[in-house]
Amino acid sequence: MPSLQELIQTHEQEINAFQPANAADLEAYRIKYLGTKGIVKQIFGEMKNVPVEQKKEAGQLLNAFKQLAEKKYEDFQHLQSDAAKKGPALDNTLPGTKLPLGTRHPLRMIENRIVSIFEKIGFSVATGPEIEDDWHNFTSLNIHKDHPARDMQDTFYVAQNPDWVLRTHTSSVQSRILETQPLPVRVICPGRVYRNETISARAHCFFHQCEGLYVDKNVSFADLKQTLYYFVTEMFGEGTKVRFRPSYFPFTEPSAEMDISCTICGGDGCSLCKHTGWVEIMGCGMVHPDMLRNFNIDPGVYTGFAFGMGVERITQLKFQVNDLRLYSQNDVRFLRQFQSI
Ligand code: DAH
């Protein structure tokens with residue numbers, strides 16, 4: 001049988017070496033040494049077997065041992081409060097926290113839809129720079145130096161260089177395509193454009209357009225109409241009426257504006273269609289022979305059609321948004337409404 005002294009020594013070594021890693025380790029230690037059936041109590045129980053003359057010394061040893069055991073426990077008591085601060089243990093069976101789902105911007109949704117409608121009939125996507133030079137944005141499109149469309153009121157000029165503008169329309173991409181791509185070409189060109197307008201519900205200093213261009217041998221106005229009828233049916237559904245009104249653009253001849261029957265009131269008249277039953281959605285026409293000549297294309301051999309539409313207008317008709325400013329305010333209350341579309 002080990003003597004009381006030996007017993008205490010073994011336990012002392014064990015206690016000195018003990019390093020609890022967490023509150024559970026510490027609790028196991030407490031039960032083992034300091035609990036009601038713990039080692040300290042057990043050794044105290046041995047005192048009755050100690051001969052009287054050794055009791056004093058044994059008592060001192062025992063007390064020292066008890067203090068050692070208690071001190072160790074106190075030294076690590078912070079582990080308990082750390083565990084309490086962390087709160088209850090993680091329950092992996094609970095359902096997870098849902099991450100909010102982002103949405104596509106309504107303008108991007110409509111732009112994607114326009115592009116995919118034209119891709120189905122063989123158009124491919126083309127883009128160009130938003131900072132454009134005079135030639136691509138104006139001159140090559142027959143918009144000469146004295147044309148009112150260049151007015152300082154409308155165009156943002158780049159301060160460093162009077163030859164540079166923020167493009168005022170995506171028609172500039174037509175020029176870039178005719179300049180670089182071999183014929184025939186069939187492109188759809190979405191992008192942002194800029195005009196110096198006072199911001200209001202009906203106007204903004206930047207907005208979005210989608211340009212279309214088709215140049216080949218024997219392209220006729222009938223092809224233009226057929227292509228746009230197809231677009232309107234795909235975008236707004238069967239039964240949407242279409243009409244062409246003669247118009248003027250420097251880069252097309254003849255030129256037209258295309259209206260569709262109002263999708264909001266079905267043609268009965270409302271504030272969107274200004275009680276006419278019709279809404280203008282794009283400008284279009286046959287590419288002007290002078291414009292073809294600007295790119296060394298013989299208008300006796302090649303003809304083409306072009307069109308340009310405002311993406312905001314199409315989006316307004318599809319989603320009944322009545323204030324253009326909403327598109328760029330980044331208000332999640334607005335944007336979240338398009339979550340399920
Ligand atoms: N660029 C014109 C605008 O911004 C829209 C336009 C009209 C584009 C007729 C065309 C077109 O391609 O043929 O108002």
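One-based numbering, in listed order, for ligands and for the atoms of each.
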inquiry  = Under a 3.5 Å cutoff, is there a donor and acceptor pairing between the side chains of R336 and Q339?
reply    = no
request  = Look at the aromatic rings of H169 and F251 and report parallel, tilted or perpendicular, splitting at 30° and 60°.
outcome  = perpendicular
query = Are T303 and N218 linked by a side-chain donor-acceptor pair shorter than 3.5 Å?
reply = no
ask   = What class does the angle between the rings of F206 and H208 fall in, given that below 30° is parallel, 30 to 60° is tilted and above 60° is perpendicular?
value = perpendicular
key: Pocket residues of ligand 1, ordered first by chain and then by residue number (heavy-atom cut-off under 4.0 Å)   = H169, S171, Q174, R195, Q209, E211, F249, F251, T252, G283, C284, G285, A306, F307, G308
query = Under 3.5 Å, is there a donor-acceptor pair between the Q42 and Y33 side chains?
reply = no
inquiry  = Parallel, tilted or perpendicular: which one describes the rings of H105 and Y327, with boundaries at 30° and 60°?
reply    = tilted
